[in-house]
Amino acid sequence: MSSILTLVNYSLILLFCCFFCLISAELHFTYETEKEIDKDTIYVDDTLRFFVYSSNTTSSNIICRKFYPEIIQLLRVSQNDEKATFAARGKRLGEEYIKCSEEANDAEVVIVPVVVIRKPSLLDKVFPIYVTSMVLLLNIVFGTEVTIRDIRFILLRPKPLVAAAICQFILLPPFGLTVARLLEYEPDVALGMLMVACAPGGGNSNTASFLVGGEVPLSISMTFFSTAIAIGAMPVNLWIYGRFVSGDPNFSPENIPYLRLATALVFIVIPVGIGMILISKVPKKTMKVMRYAKPVVFILFLVFISVAIYRSLFAFQFLKVKDYFGACLIPVGGFILGAIGAMVMRLRVSQIKTIALEVGMQNAGIVISMTLVVFEQPKADLNSIMPICIALMTSAVSIPFYILHFIAYKKVPSYKEVCIENRQAQLRERESFERDVTVLPDEEHLETSLEGEQSFSAKN
């Protein structure tokens, strides 16, 4: 009797195993694409077909589920005994992982990755050329406002440079981290904000200083030296604060594009030098052209903002109200920190405006370059969304300052007097500095020789 029961048990186990083998199927998939590499990658609004095969010819319907509802649109195209055909249409940037299994048995699962990236446009190629040309032209214009004596004066009286450096590299990074933590950003968004807060000042601060009656030589000097300091300060700040916002193993201060930082220095020095040569060699013609500089600079700036917004439309679908709010806080916080630092140093109004703009207007282009170096698409575009937003919000919040300065200069006599007095004080400082320190060695030697001859003649 016991042998019969044992036989029945083994028979049941065998039947169960056979049944399990029948209902279980090994799933695999292929993409319908002619690409040899990046077969899982499509552009926004493009469609990618893929096939899911089952080793069990008696299997039930194959179903697929998305992890994220907003990245792709998923449709079943057809289903037969051999395979199921699905179509994935890209809706926005991102990485989707589609879970496919049999309807009657979800023990066997296959994951189908689909990556949606942004399709490069002609504007993506033309816009960097426009920006490069604009930066070169603007720096030539700014160079006409600078002389060798101005640079020497700023270096030997570095109080404004010290104030800007303290605000930019010591105070602004923890401020950016605080904003990111208070607004509870996702790690990628918080990292983008922190990188902007650790970046050097951008060339747009030179434009802003020019438009609001700041001190352009000081602005150019601060931009140059902040970019040079950032080569060392940016990795240190990211090492200190980056651990609080990102655990991505791909991110490291070693990924900072030092070559681009060095290139930024060259883009400042060469065109500014050309402007300085023009104003010294052909002053009359240069000054005649410079009469139209401010309106031309303002128009170039507006075109830049308009095209930058249009080019970055893809980023707006990811942004929420708190993202715009945080993106405005970084430049506004920089303006306030810079102004307070300059007032603590007891600097004049024109210097306060210049330092505030330098600290508040960061070089977001450096940060976007970092994301392209560190991350693959679409993560590169996704991680650049906050830097793009901050760059656009910085430009947006600065426009009222330009308009307010223009109206106040025209309508408020006391403000106009302050601007004129600051300009005259700047010139007086230069003249006093030149009288104190610019005694040429030959002239000093000549005066000593004359005194010696007079003394010798008196004795004889």
**Message:** Give me the atom names and distance for the closest heavy-atom approach of Cys389 to Tyr324.
**Reply:** SG-CD2, 4.0 Å
**Message:** Before you tell me yes or no, could you show the steps for Lys91 and Glu70 under salt bridge (charged side-chain N to carboxylate O under 4.0 Å, His left out), namely the whole-Å CA-CA distance, both residues' side-chain angles and the distance that decides it to 0.1 Å?
**Reply:** CA-CA 7 Å; Lys91 293 172 62 178; Glu70 69 277 3; over 6 Å; no
**Prompt:** Would Val216 and Asn206 count as a side-chain contact (heavy atoms from CB on, under 4.5 Å) if you check the C-alpha gap in whole Å, the side-chain angles of each, and the deciding distance to 0.1 Å?
**Reply:** CA-CA 6 Å; Val216 175; Asn206 308 146; 5.6 Å; no
**Message:** Can a donor-acceptor pair be found, under 3.5 Å and without considering hydrogens, that links the side chain of Thr354 to the backbone of Gly214?
**Reply:** no
**Closest non-hydrogen atom pair, Met345 against Ala163** = CG-CB, 3.8 Å
**Euclidean distance, Ile71 CD1 relative to Leu93 CG, rounded to 0.5 Å** = 9.0 Å
**Asked** Does the Glu96 side chain pair with the main chain of Phe67, one donor and one acceptor, at a distance under 3.5 Å?
**Response** yes
**Request:** Could you note down all residue pairs passing side chain to side chain donor-acceptor pair (under 3.5 Å) where residues 387-403 supplies at least one of them, sequence neighbours left out?
**Result:** Ser398-Tyr402
**Asked** What is the distance from atom OH of Tyr97 to atom CG of Asp40, rounded to the nearest 0.5 Å?
**Response** 8.5 Å
**Message:** Using salt bridge (charged side-chain N to carboxylate O under 4.0 Å, His left out), reason through Arg348 and Glu215 one step at a time and then give a plain yes or no.
**Reply:** CA-CA 11 Å; Arg348 57 177 170 267; Glu215 298 187 11; 2.8 Å; yes
Please list every donor-acceptor pair under 3.5 Å in which a side-chain atom of residues 164-171 meets a protein atom from a residue at least two apart or in another chain.
residue : atom : partner : partner atom : Å
Gln168  : NE2  : Glu358  : O            : 3.1
Gln168  : NE2  : Gln362  : OE1          : 3.2

**Message:** Tell me if a side-chain donor or acceptor on Lys353 pairs with a main-chain N or O of Val212 at a distance below 3.5 Å.
**Reply:** yes
**Request:** Calculate, to the nearest 0.5 Å, the distance between atoms CE and CG belonging to Met222 and Leu357 respectively.
**Result:** 8.5 Å
**NZ/Lys320: more than 12 non-hydrogen atoms of other groups inside 6.0 Å** = no
**Asked** Considering all heavy atoms of both residues, which atom of Gly192 and which atom of Met386 are nearest to each other, and what is their separation?
**Response** C-CG, 4.3 Å
**Prompt:** Looking at Asp46 and Arg89, does any basic side-chain N land under 4.0 Å from a carboxylate oxygen?
**Reply:** no
**Fill in**
Here the gap from Ile330 atom CD1 to Leu172 atom CG, rounded to the nearest 0.5 Å, amounts to 6.0 Å
**Message:** With a sphere of 6.0 Å drawn around OH of Tyr68, does it hold more than 12 non-hydrogen atoms of other residues, nucleotides or ligands?
**Reply:** no
Identify each donor-acceptor pair in which a side-chain atom of residues 335-342 lies under 3.5 Å from a protein atom, sequence neighbours left out, and give them as a table.
none

**Prompt:** Parallel, tilted or perpendicular: which fits the ring planes of His405 and Tyr409, with parallel below 30° and perpendicular above 60°?
**Reply:** tilted
**Message:** Nearest 0.5 angstrom please: Ser121 OG to Phe127 CZ, how far?
**Reply:** 11.0 Å
**Asked** If you look at every heavy atom in Thr223 and Gly201, which pair is closest and at what distance?
**Response** CG2-O, 3.8 Å
**Prompt:** Is the side chain of Arg181 donor-acceptor paired with the backbone N or O of Ala190 at a distance under 3.5 Å, no angle test?
**Reply:** no
**Request:** Look up atom OG in Ser414 and atom CD in Glu421, then write down how far apart they are to the nearest 0.5 Å.
**Result:** 10.0 Å
**Message:** Can you confirm whether more than 12 heavy atoms, excluding those of Arg76, are under 6.0 Å from its CZ atom?
**Reply:** yes
**Asked** Shortest non-hydrogen contact from Pro160 to Leu347?
**Response** CA-CD1, 4.0 Å
**Prompt:** What are the two closest heavy atoms between Val179 and Gly326, and how far apart are they?
**Reply:** CG1-CA, 4.2 Å
